[in-house]
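Encoded as structure tokens, the structure appears first; notes follow it.
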Amino acid sequence: MIAVTATRLYTPLECVEAPLLLIEDGTIVEVSSRAARSLPDGARVMDFGNDILAPGFVDIHIHGGAGHDVMSADSAGLAALEQLLASHGVTSYFPTTVTAPLDQTLSALDRLAAEIEKGEQNRSQGRARPLGIHLEGPFISHIRRGVHRAENLLPPTLASFDRFWEAARGRIRVMTIAPELVGAKEVIAEATSRRVCVSVGHSDADLNATSAAVAAGARHATHTFNAMRPLDHREPGIIGEILTDPRLSADIIADGVHLDPAIVQLFLKAKGPEGAVLISDATAATGMPDGRYRLGSLEVEVKNDRCTSEGKLAGSVLTMDRAVRNVMQFAHWDLQAALRLASLNPARVGGLPERGKIEAGCFADIVVLTPAGEVKATIVGGALPGM
Ligand SMILES: [Zn+2]
């Protein structure tokens, strides 16, 4: 048994002073405090002093990092990415595809599913774990496709959704779709019935088409404001629906590049601590020097924290811990409130009931932070890297 202690713990909804967290076989068995409970005999103690314990971060939208793109990386490349993620507090992630030629997408889904299955058999220590796939494209709007290639977009049909589903052996957990496309409603309903979280995005939809998607089962929105019809006060469009409908959670890229800090504040006021989610949308360039990197079948250029392809923003070099600190800075939220947007909320979106919180029975995925939100250590499945 391992006993973990620190100055404070955020579950994240509750705060425990002088916590005592007991872990056995990679699972949290008890959450208590040093005042309320003595150390069990023989427990190995990890004392993090003046630092704070919080649930490991869950990134539901990430394309790569450490020089590797998830659509083409081999096992060693994904391992390098997963180490980088763990160093930024991420313990679970959903590798995210970009629109690509069909055969490339199908083989990427097959490979990513194999990595997820491998992780279930054999827990890799000290690395973030892939737990599902986010299919971003090809069912997206031509005019709001961003850098996704026009020639590879597909109209949503049950037949093509099923091909992706089969290739991924049912591991698709989030799917971004433009609700205004012909056929979208049927695909949204079918994906929802297979417990995929359908997320509206890369879309030029008006308010009615978006609320029809919600009626069909859509429950989330992808990088709100980016690659969407802009908000207009007489034609509120997709953003009007996202900001006002409590049935939708929504995510943002809080890197200070994709959205002005004032828009981050506006978004957080609208979606609140229950509905807001942070993502990285990180590319292979994350954790690397400026230069040229892959994003699916595209090449992106990174300079001064901006990741672009042919002049358009193309993903980010954001990390989840920095997204949390940016929320604290841009919107003056405290650490406990900001943490929830990177842990509990994305775990709910991803349908991961045993992650994103510190509670008996949950996986022992813990990030150790300074009060300013800097990562000091990350525990994945009860183990520190290298243990
Ligand atoms: Zn993306």
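Bear in mind the structure is a predicted one, so any value in this text is a computation, not a measurement. Along the sequence shown, the residues carry numbers beginning at 1. Each ligand, and each atom within it, is numbered from 1 in the order the structure gives.
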Atom pairs and distances, donor-acceptor, side-chain atoms in residues 342-350, under 3.5 Å, two or more places apart:
residue: S343; atom: OG; partner: L339; partner atom: O; Å: 2.8
residue: N345; atom: OD1; partner: R340; partner atom: NE; Å: 3.1
residue: N345; atom: ND2; partner: P273; partner atom: O; Å: 2.8
residue: N345; atom: ND2; partner: A276; partner atom: O; Å: 2.8

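A salt bridge does not link R163 to E166: none of the charged nitrogens lies less than 4.0 Å from a carboxylate oxygen.
Counting only residues at least two apart or on different chains, no ring-ring contact (aromatic ring centres under 6.0 Å, His included) pair has a member in residues 284-336.
Checked by atom type, the side-chain pair T105/T97 shows no donor-acceptor distance below 3.5 Å.
Scanning for side-chain contact (heavy atoms from CB on, under 4.5 Å) contacts around A35 gives S33, with sequence neighbours left out.
Under a 3.5 Å cut-off, the side chain of K271 and the backbone N or O of I242 do form a donor-acceptor pair.
Around the Zn ion (ligand 1), protein N, O or S atoms at a distance under 2.8 Å total 4; waters are neither shown nor counted.
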